[in-house]
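What follows is a single structure, written as structure tokens, with notes after it.
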Amino acid sequence: MQKQNPKKDKSYLFLGIFAVLFAVFIARVIFMDTGMPMLRPRGDATAQQTAAKAIEMNFSELLTASNAKQISKISLRDNIATGELNDGAKFRAVVAYDPALLSKLADAGASVTLDNSKGWMDAIATWFPILFTVLIIIWIFRSVRGGGMGGMGRLTQQMNPTKIIAGLKKKTTFADVAGIKTAKQEVSEVVDFLKHPDKFKKIGARIPRGILLSGEPGTGKTLLARAIAGEANVPFFATSGSDFSGIIVGLGVAKIKEIFEMAKRNSPCILFIDEIDAIGMSRGRSTFNDNDREQTLNQLLIEMDGFAGDSGVIVIGATNRPDMLDGALLRPGRFDRQVYIELPDMAGRREILDLYVKKFKMGSGVDLQQVARGTTGFSGADLENLLNESALLAARENRKAIESKDIDEARDKILMGPKKDRKISAKDLKLTAYHEAGHAFVSVHYRNVTDPIHKATIIPRGRALGMVQRLPVDDKVSVSLSEIRADLSISMAGRVAEEMFFGRDNITTGAEADIANATYMARRSITMAGLSSKIGPVAVNQVDTFGHRHALENASEKTAESVDLEVRAWLDAAYKDANAIVSRGRKTVQKLAEELLKRETLSREEIEEIILGKKAKK
């Protein structure tokens with residue numbers, strides 16, 4: 001950035017004038033309100049000393065002296081009266097408003113004088129509001145005329161500093177980005193353009209002027225943008241959409257001008273705007289400060305469209321909500337290319353773990369492939385947080401390296417919350433053990449159809465008193481009808497075990513989450529995937545503009561009733577299936593529950609040894 005010349009910048013002079021005038025104005029108000037004498041440019045030292053020795057009177061004493069004809073002469077200035085008594089004594093008083101006061105004093109034989117002269121303090125107090133307004137207007141016009149680089153420009157820098165990341169010793173490269181191979185391929189040609197622009201110009205190709213990175217939080221959008229700048233070895237300017245919002249109207253427009261001028265001066269470079277939806281929201285939406293936001297967006301559109309083909313400035317925007325962006329921002333010539341960064345699959349999670357474990361000391365027994373299996377839906381940031389939590393747990397137990405149990409504990413803590421310290425009654429603990437034993441038994445029964453079991457525990461976490469965890473063998477693109485039916489049966493198995501071993505009257509609300517998940521799974525399969533033979537391949541639900549599904553919003557009452565009946569039929573069938581499986585293995589389920597009460601947590605090998613008779617693998 002270019003440095004300001006302090007000799008030519010008069011913003012501090014303006015601020016100094018404002019401060020002096022404001023102080024004088026406040027002093028004037030205080031003196032007028034308290035009745036304190038103000039300094040006058042008139043009078044000599046003797047007069048001031050005499051006034052200092054004057055008798056202080058209140059208004060009632062002044063009226064009494066006037067009625068007694070004791071006042072020889074009096075001078076009135078504003079609400080301050082000074083004068084001389086018949087015996088030569090000086091007096092001073094603060095008078096109240098009284099229209100007949102002058103007549104009373106004159107009738108009493110006093111010599112009355114009105115002092116209407118104006119001092120320099122009165123002039124400043126009169127002209128201060130006008131001068132203040134004029135100076136403010138001059139300051140604003142200087143800032144606008146100077147392209148935002150004057151007083152307003154420096155104000156934007158102080159309120160919304162743009163981060164400049166250039167010439168760092170440790171640069172971020174594509175080697176530091178893992179798990180998003182497709183996204184890296186999409187942006188790799190941008191690096192090639194920044195390194196070898198002539199190759200593209202000779203053939204007539206135009207590199208995308210803007211790239212929009214979208215995806216779930218923590219998937220690596222900012223990291224990928226930094227890697228592009230690091231690979232191309234060009235300056236990287238980073239800001240965010242919220243930096244352009246302010247209480248001063250026009251601040252966002254000035255900031256847009258400033259950072260784009262800065263980028264042009266340092267081209268070729270990368271200009272990264274994080275959370276661009278803060279200023280790029282579709283125009284016409286009714287929001288607070290909407291006019292100022294739209295002006296900022298208009299300036300951004302102008303600046304992006306104003307780039308020449310050989311400017312060497314590439315704008316990279318990042319957002320979690322691309323559906324909210326204005327259409328003009330996404331048209332060719334601005335954000336030509338949109339790259340969606342998905343959550344990493346199992347292979348991607350393994351790459352990310354291999355990258356992050358270099359910073360941690362791992363034990364020899366840690367299986368990263370098993371960790372990748374058990375972290376479905378985790379982003380890159382989630383995986384880094386998982387390893388960090390594991391390291392904290394290992395350090396807390398005075399271990400020198402992270403072990404598998406640390407990672408399992410950290411994953412459970414992230415997904416379900418920390419362990420509960422409160423003591424659970426023996427009755428509730430026993431019921432929870434049988435509940436989880438039912439889930440585990442049916443899970444092993446369907447081990448070849450759906451995800452295999454990983455462990456079962458009755459250690460309470462968050463709102464759950466226990467859980468049975470299953471891990472996928474690989475990433476799933478779609479789910480079959482047989483797998484959905486198996487999952488529904490597994491969800492119902494906990495309630496089935498409660499009713500079978502404790503009776504219908506002793507079932508609890510512990511199956512609330514299971515029933516809710518099963519109902520959601522069945523309704524979605526019926527209304528969205530068309531897996532019901534009675535309803536048919538019809539999409540009953542529709543998706544609104546914000547991605548929220550409203551149940552049966554485009555269905556008739558008859559169709560809605562049919563869907564409700566079909567959902568109930570699916571759940572009843574799953575309940576009957578789970579009941580039949582648990583009934584056949586009643587003794588095994590009981591033995592599994594007893595082992596859970598003894599050990600609290602059982603691994604997959606231990607569960608299979610109890611149910612299938614296999615020996616647990618070391």
Side-chain angles (χ1 to χ4, degrees), residues 216 282 284-286 320-324 327 340 342-343 376-377 435 438-439 442-443 445-446 448-451 463-464 468 470 472 475-500 503-584:
E216 297 292 330
S282 296
R285 296 177 184 264
S286 179
N320 303 326
R321 299 295 305 274
D323 56 299
M324 298 181 64
Y340 182 77
E342 299 179 341
L343 290 171
T376 302
H435 181 104
H439 284 309
V442 180
S443 295
H445 177 81
Y446 283 115
N448 296 325
V449 180
T450 186
D451 296 334
R463 297 181 59 185
V468 168
R470 295 182 293 144
D475 293 309
K476 297 178 181 178
V477 179
S478 58
V479 184
S480 65
L481 180 59
S482 60
E483 188 172 354
I484 291 174
R485 287 173 175 168
D487 289 336
L488 292 176
S489 296
I490 294 171
S491 297
M492 291 296 179
R495 169 58 63 84
V496 167
E498 289 183 16
E499 185 174 355
M500 185 175 297
R504 177 68 184 175
D505 293 337
N506 292 319
I507 59 176
T508 66
T509 59
E512 176 183 353
D514 298 329
I515 295 174
N517 292 334
T519 304
Y520 173 79
M521 188 190 311
R523 183 172 293 274
R524 181 181 176 86
S525 301
I526 293 169
T527 60
M528 296 298 298
L531 296 180
S532 171
S533 58
K534 291 185 178 180
I535 303 301
V538 178
V540 179
N541 289 358
Q542 296 294 324
V543 182
D544 63 15
T545 55
F546 294 99
H548 299 149
R549 290 182 172 85
H550 298 290
L552 310 178
E553 63 181 3
N554 65 333
S556 64
E557 293 182 3
K558 184 177 180 180
T559 302
E561 184 178 357
S562 300
V563 168
D564 291 340
L565 292 175
E566 185 68 357
V567 171
R568 179 60 185 271
W570 279 39
L571 296 181
D572 287 344
Y575 192 91
K576 291 179 181 178
D577 182 61
N579 188 70
I581 296 172
V582 174
S583 296
R584 289 195 299 266

Evaluate the side-chain proximity of Met500 to Ser583: yes if any heavy-atom separation is below 4.5 Å, no if none is.
yes
Roughly how far apart are Ile507 CD1 and Arg504 CZ, rounded to 0.5 Å?
4.0 Å
Side chains of Asp451 and Tyr446: donor-acceptor distance under 3.5 Å anywhere?
no
Residues Trp570 and Leu531: closest non-hydrogen pair is CZ2-O, 3.8 Å
Neighbour count above 12 (heavy atom, 6.0 Å) for Arg470 CZ:
yes
Please name the pair of heavy atoms, one in Ile490 and one in Ser443, separated by the smallest distance, quoted to 0.1 Å.
CG2-OG, 3.4 Å
Test side-chain contact (heavy atoms from CB on, under 4.5 Å) on Met492 and Asp514 and set out the steps.
CA-CA 7 Å; Met492 291 296 179; Asp514 298 329; over 6 Å; no
Correct closest heavy-atom pair for Ser489 and Asp577 would be OG-OD2, 2.8 Å
Would a 4.5 Å heavy-atom cut-off, applied to side chains only, mark Val563 and Ile535 as touching?
yes
Working to the nearest 0.5 Å, report the span between CD1 of Ile526 and OG of Ser562.
11.0 Å
For Val567 versus Arg523, what's the shortest heavy-atom pair and its separation?
CG2-CA, 3.9 Å
Is there a donor-acceptor contact under 3.5 Å from the side chain of Thr509 to the main chain of Glu512?
no
Please answer whether the main-chain N or O of Thr508 pairs with a side-chain N or O of Glu498 as donor and acceptor at a distance below 3.5 Å.
yes
Distance, nearest 0.5 Å, that separates CD of Glu566 from OG1 of Thr559:
12.5 Å
When rounded to the nearest 0.5 angstrom, what is the spacing between NE2 in His445 and CZ in Arg584?
5.5 Å
Would you check if Tyr340 and Pro322 make a side-chain contact, meaning some heavy-atom pair closer than 4.5 Å?
no
For Ala493 against Gly438, the heavy-atom pair lying closest together
CB-O, 3.3 Å
May I ask you to decide whether Lys576 forms a salt bridge with Asp572, counting only side-chain N to carboxylate O separations under 4.0 Å?
no
Atom pair CZ (Arg568) and OG1 (Thr519), whose distance is rounded to the nearest 0.5 Å
10.0 Å
Regarding Asn517 and Ser491, is there a side-chain donor-to-acceptor distance under 3.5 Å anywhere?
no
Shortest non-hydrogen contact from Leu571 to Ala522?
CD2-CB, 4.3 Å
Check the pair Leu488, Met521 against side-chain contact (heavy atoms from CB on, under 4.5 Å), reporting the backbone distance first and the verdict last.
CA-CA 8 Å; Leu488 292 176; Met521 188 190 311; 3.9 Å; yes
Under 3.5 Å donor-acceptor, Thr450 side chain and Asp487 backbone
no
